[in-house]
Structure formats: C-alpha cells, structure tokens
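The structure under discussion appears below in the form of structure tokens.
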Amino acid sequence: MPPRGNKKKKAGYPTRSHKLRVILLPGGRSSAEQSDTDLVDDTASNVSSSSDLRSLTGEEGIPPPDAIDETEAQEDFEEKLRDQIDGTTQKSASGRKSCLAGLRQTFSRKVLPDFIDNRKVTITDCVERCLKKGKGEEQALAASVGSLLCVQLGSREGCEEIYNSLKPIMITIMNDKSAAATARAACAQALGLICFIAAGDMEEVVDIMTSLEKIFCAAYLKGDGTSPSHSPALQALHCAALSAWTLLLSIAPPSKVQEFVKTHLPKLPQLLQSDDVNMRITAGEAIALLYELARAEDEDFLGADLDSLCARLKQLATESVKYIAKNDKRKQRSSFRDILRGVEEAEAPNDTVRFSVEEIYLDSWVKKRQYEAFKDSLGAGVNQHLQENELLRDIFSLGAPIDVAAYNKQNKISRFERHMYNSAAFKARTKVRSKQRDKRTVTA
C-alpha cells in the first residue's frame, strides 16, 4: 500500500486548492459551469496577447538575436569613432596621428553623413588644431581628414563653412617653404578637392587655381632652358598642385579656360621632360584636358606647335629606355597612348568603372580627372562611396542609390533559364571541340 503522501490525484476531481461551490441558477446552469467558462475566456485572451507580443518582439518579448547583434555592433563602432575624434586632442603626437589615421580610414571606407553631420563642428576644430600645431605627417593626415569630411557631407548645409575654415590654414602650409613637403603636398591636394566640392562661386575657384599655379610653376624650365633640380618630395608637391589645378580646371568657366589655354598650354609641355613619371603623366593629362575644353568652343583648335607636341607624346607612349622601372614604363605608355589620341585625333577616353551592379563611363577628360581625384582621396573605398554617397552619385549622374538585394532578386534568372543557357553553351562547346578533333585526325 503506497504512502499517504504520494496519493495520485484523480483527473476531473477538484483538489483542496479548488473549492467547488454549486449554486443553481435560472435555466438549470450552475455557478461552477459559469466560472469555468469565464476562466477559458480569460485564458484565451491572455494567450492571444502573449502571441501578439511574441510576433512583434520575438520569443517571450525579446528582440531577435540578429537585431541585437547589429545594434550592439553599430553602438560599438560609433563609440570607437567618438574615441578617435576625442583622441585627436591628446598631448601625445603619436596618439594624435594614430587617431587621425583611424578617422581617415573610416571616412574613406564608410558613408556616415548623419553621424558626421551631428559632429561636424567638433571634427573641424580637431582638424584645424592638428593643422596648426602638428608637423609633417600629422598635418598631412589632418588635411586628408578635412577633405574626407567635405566628401562625406557633400552638399549638406555647413560644408561651405568647413571649407572657409580650413582654406586659409591649408594655403599657409602649402606656401610655407619651411614646412614638410609631404604636408604641403597633402594640403595642395585637399585644397583642390574641398574647393571643388564646397566653393561658393567661380571667383573662389579661380583664386585657388592661382594659388596652386604658384606652386607647380616652379617645375617649369629655367630661363636658360634647363630643367630645375628638385628633390623627389618637392616633385611630389608640384605634381599634387598641378593635379589639384587640373581638377578645378574641369569646372572653370569658358572665359577663364581661354586664358589658361593662352598662358599654360605653351608651358605645360616643358613638364613632359620631368624626371618624375607621375609629373609627366599629370602634365600630359592637363594638356589633353585643355585641348578638350578648347575644342568644345572651337572644333578646329590646334594649338601653337601641335606637331612637336605630338612627336613628344609619341615618344613617351613608346619609350623603352632601361633606366625607367618596368611598372613606370607600363603606366606611362598606357597613359600617353590615350593622351596622344586625345590631342592628335580629338578622341575622348573610353574607360568603364564597374562597382556592384552599376557602372560609370569615363568618356571625357573632365570625367576622368574628377573620378581620379576622388579615387586618390578615397582609395579602396571609392566603390562604396559611388554606391551610397549622394555627392558622388550626383557628380557622375548615377541617380538615387540602388537597393542591391532587391535589384538582384528582381533580375535573378530562373533555374530553368539557367539550365537552358548551360545546355546551349555545352552544345556549342561540344561542336567546336568535335571540329578540332576532326582537324587533328586529318592532319595526322
């Protein structure tokens, strides 16, 4: 006989915790039946409410794990970015450079207009402080961060104010012969880009072009016709100034273009004799751009001495001397073949840049120079910015950003279509190989 404490409770009978009160109601229905019915209704209501809550927030009111992970990752990322911004004000020069390098990498690889817009004043102050108090590498990094700040904000309100704040400091560093050449070159490049993005009027653009001219004019031949002797660092400075000048030339008004054609087109071929391959290529592209803009106004424009210019361009397009590195020779030949066709035959470049599911056509020297400027600034992140950055999509007429996942889903071919395509390709490949086998048999 089992112990009294382990008696099993019979199903259907009330236990001591349930006190059953039976009161007869009209219609022969008891109050116990009514209580059971109400209990079922209340339970059903509670179950329905719990189901609705789980459907909205996940199991038992907890958000889905993926949403939690993404939110936490975004919060961690923003926290690290805020720490880097604050780190640019520390006393340690190496620490400031490390934080500036981190900001440059983040700004170039990710599109963060909202986050940066809320902190643009703070970031601008940090960049100004590093430009004024830093030296060499720190100034170069700060100039890069300043230009990327304008790339991120684009046409948003406040971008022109950032340009007006950074412009005088960058011009001072660029013209300071006691400053490091790397810092001067970075300021020249950044100045051209932020002016291209945020300058208020064409007079401002022309003023910056004048400042840049004063830098790269030092690379022209001396009065006796000999090439000046400059260190590689100074040659890089002259090249950066000329590159920035050419970028602003792409948006200059026609009246100013005519002035530049008269003043610079006779002198720019002198830079084709430079020892630096990048300077030769940059000068050649500037010449091609001047010819393109001049021929937009006058189709028959030939320039002062077209024959000798084309002869020099042909020489550079086929140069095979041993003292030039192989990579430099390959880059020079490829560039000057396009430059020669542009000057001699008025043929525009025909380059295609593919990114994700889109592509842009660089079918003019204007577009090519503008794309190269953003590519030099953004590096490997240029494709990401072409996909998401409103400024770049507006410049290259790409329209609103595309939802890649939805696009792929919409344009995905069916399994049957893929099967038919593979079958047709297999049959064509089999026929070609059969003919080749027949030819080998006859030859044998």
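Note that the numbering runs from 1 along the sequence shown for the chain. Hydrogens, waters and symmetry mates play no part in the numbers below; they use all other heavy atoms, side chains included.
Donor-acceptor pairing under 3.5 Å is lacking for the side chains of E161 and Y163. Inspection of the E78 and Q74 side chains reveals an N or O donor paired with an N or O acceptor under 3.5 Å.
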>> Run F216 and H264 through ring pair (Phe, Tyr, Trp, His ring centres under 6.0 Å) and show every step you take.
In response: CA-CA 11 Å; F216 71 79; H264 287 283; 5.8 Å; yes
>> Is there a side chain to side chain donor-acceptor pair (under 3.5 Å) between E285 and W365? Walk through the geometry before answering.
In response: CA-CA 8 Å; E285 291 177 347; W365 287 103; over 6 Å; no
> Can you list the steps and then say if D176 with R184 is a salt bridge (Lys or Arg N to Asp or Glu O under 4.0 Å)?
Replying inline: CA-CA 8 Å; D176 185 3; R184 297 175 67 190; over 6 Å; no
> Yes or no on side chain to side chain donor-acceptor pair (under 3.5 Å) for D305 and S308, after CA distance, side-chain angles and deciding distance?
Replying inline: CA-CA 6 Å; D305 194 358; S308 62; 2.6 Å; yes
>> Could you walk me through whether E79 and R82 satisfy the salt bridge (Lys or Arg N to Asp or Glu O under 4.0 Å) test, starting with their C-alpha distance in whole Å, then the side-chain angles of each, then the deciding distance to 0.1 Å, before giving a yes or no?
In response: CA-CA 5 Å; E79 182 64 28; R82 284 191 289 268; 2.9 Å; yes
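In this structure, the side chains of V382 and H385 stay at 4.5 Å or more apart for every pair of heavy atoms. For the pair Y291/V261, no side-chain contact is recorded, criterion being any heavy-atom separation below 4.5 Å from C-beta on.
Pairs passing the salt bridge (charged side-chain N to carboxylate O under 4.0 Å, His left out) check and including a residue from residues 115-136, sequence neighbours excluded, read D117-K120, D117-R156.
Closest approach of S144 and R104 over heavy atoms only: CB-CD, 3.7 Å.
For T282, there are no side-chain hydrogen bond (donor to acceptor under 3.5 Å, both in side chains) partners two or more places apart in sequence or in a different chain.
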